[in-house]
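Notes to accompany the following structure.
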Protein chains: 2
Amino acid sequence: MAVTRATAQQSIVRDALQAHDGFRSAQDVFADLRAAGHRIGLSTVYRHLQSFAAQGIADVIHDGDGEATYRYCGESHVGEHHHHLVCRHCGRAEEVEGGPVERWAAQTARRFGYVELDHTVELFGVCGNCRSYLPS
Amino acid sequence: MAVTRATAQQSIVRDALQAHDGFRSAQDVFADLRAAGHRIGLSTVYRHLQSFAAQGIADVIHDGDGEATYRYCGESHVGEHHHHLVCRHCGRAEEVEGGPVERWAAQTARRFGYVELDHTVELFGVCGNCRSYLPS
DNA sequence: CGCTTACTGGGAATGATTCTCATGAGCGAT
DNA sequence: ATCGCTCATGAGAATCATTCCCAGTAAGCG
């Protein structure tokens with residue numbers, strides 16, 4: 001399942017992800033690459049995005065429509081846990097520390113007797129940049 | 001879009017939701033109702049579940065596969081904001097207060113200059129009951 | 001009781017993701 | 001540099017949840 005060999009397709013998928021600082025869907029990435037004239041298959045894009053996510057070098061969130069979106073988060077902090085503040089207008093995302101949330105989650109789980117805790121925390125808003133473009 | 005008329009189908013969908021204290025997918029509810037001998041269409045199940053969610057009497061979360069799951073949360077606290085601690089084994093869910101998270105979210109958004117904040121917070125774990133059934 | 005209008009449900013359409021499998025390309029061995 | 005063994009690739013088909021379409025049905029007001 002994990003892609004291990006260094007191939008041209010792996011590179012261009014990684015590059016396409018890195019080229020944006022927001023979350024992008026597999027379909028988006030595929031469309032971009034094709035538009036840029038690259039020969040690549042949709043299956044391959046899915047494979048690599050999922051592989052990146054599994055390795056921890058990309059983060060995944062599911063948008064409201066259930067479409068999975070990916071964001072390149074660098075090899076640097078693999079394994080570190082963080083959350084995102086995502087602009088619902090331009091897709092740009094900030095990495096944020098979740099200290100207080102982690103503590104609250106652990107506490108809550110303990111109170112109810114739950115173990116093997118995991119959680120999803122995503123913040124959505126409109127960034128300062130997009131605010132000016134938007135009405136009201 | 002919102003269903004306003006009192007129909008038999010609306011009742012049985014609501015009952016099917018209330019019959020469980022965990023999150024259930026539209027497909028699940030549909031299968032249950034059909035298995036129980038009710039004549040109902042899949043479209044209708046989707047319509048009512050979404051309508052309940054819009055009215056705030058049901059909560060929605062998207063599981064890992066992007067499948068939407070619904071839970072009946074009563075007419076009582078419509079409009080009140082709460083989160084869930086869900087057992088990933090039996091599906092049972094507890095409603096939890098998110099006070100600290102709300103504050104952290106607001107604070108974080110302000111620091112980055114984001115407005116119109118919204119967030120998704122879900123906790124997953126294994127409940128005390130299921131813990132005994134599981135290995136390790 | 002009859003009429004209007006909203007609800008219903010079967011099936012087709014959509015859209016994302018996964019599967020299949022023949023072809024093509026890494027890369028270690030020679 | 002070449003060979004060969006695998007694993008990666010990609011086109012299209014398959015799958016699956018969800019939505020759309022629309023003719024038939026029923027709610028509830030008058």
Q: In whole angstrom, give the distance that lies between atom CZ of A:Phe30 and atom P of C:dG15.
A: 15 Å

Q | Separation of D:dA11 P from A:His38 NE2 (nearest whole Å) | A | 14 Å

**Q.** Touch class at under 4.0 angstrom, heavy-atom based, for B:Ile40 against every strand present
**A.** sugar-phosphate

(Q) Between P on D:dT19 and CD on B:Glu67, what's the gap in Å once rounded to a whole number? (A) 12 Å

Q) Have B:Glu122 and B:His62 got a donor and an acceptor in their side chains that come within less than 3.5 Å? A) no

**Q.** A:Thr44 side-chain proximity, nearest of D:dG10, C:dG9, D:dT18
**A.** D:dG10

Q.
Please tell me whether A:His38 and A:Gln9 have a donor and an acceptor in their side chains that are separated by less than 3.5 angstrom.
A. no

(Q) Less than 4.0 angstrom between a side-chain N/O of B:Gln27 and OP1 or OP2 of D:dC16, yes or no? (A) no

Q) For the pair made of CG in A:Leu33 and C1' in D:dT9, what is the distance, rounded to whole Å? A) 14 Å

Q) Between A:His84 (side chain) and A:Ala93 (backbone), is there a donor-acceptor pair under 3.5 Å? A) no

Q | Under 3.5 Å donor-acceptor, B:Arg34 side chain and B:Ile40 backbone | A | yes

Q. Whole-Å distance between D:dT9 C1' and A:Arg34 CZ?
A. 12 Å

Q) Quick one: A:Asp65 CG to D:dT19 C1', roughly how many Å, whole number? A) 12 Å

Q: Examine C:dT8: is either OP1 or OP2 under 4.0 Å from a nitrogen or oxygen in the side chain of B:His48? Give yes or no.
A: yes

Q. OP1 or OP2 of C:dT18 sitting under 4.0 Å from any side-chain N/O of A:Gln50?
A. yes

Q. Rounded to the Å, how far apart are B:Tyr46 OH and C:dC7 C1'?
A. 19 Å

Q | Nucleotide-resolved protein contact map, nucleotides 23-28 of chain D, B/S/- at heavy-atom distance under 4.0 Å | A | ---BBS

Q: Verify the contact: side-chain N or O of B:Gln9 to OP1 or OP2 of C:dG9, cut-off strictly under 4.0 Å; return yes or no.
A: yes

Q. Between the side-chain atoms of A:Arg47 and the base atoms of D:dG10, is any donor-acceptor pair under 3.5 Å?
A. yes

Q) Does atom CD of B:Gln18 have more than 12 heavy-atom neighbours, drawn from other residues, nucleotides or ligands, at distances under 6.0 Å? A) yes

Q. For the pair made of CD in A:Gln10 and C1' in D:dA8, what is the distance, rounded to whole Å?
A. 10 Å

(Q) Working note: B:His82 + B:Glu94, criterion side-chain hydrogen bond (donor to acceptor under 3.5 Å, both in side chains); need CA distance, chi angles, decisive distance, verdict. (A) CA-CA 10 Å; B:His82 61 267; B:Glu94 323 285 343; over 6 Å; no

Q | N/O donor-acceptor pair under 3.5 Å between A:Ser51 side chain and A:Arg47 backbone | A | no

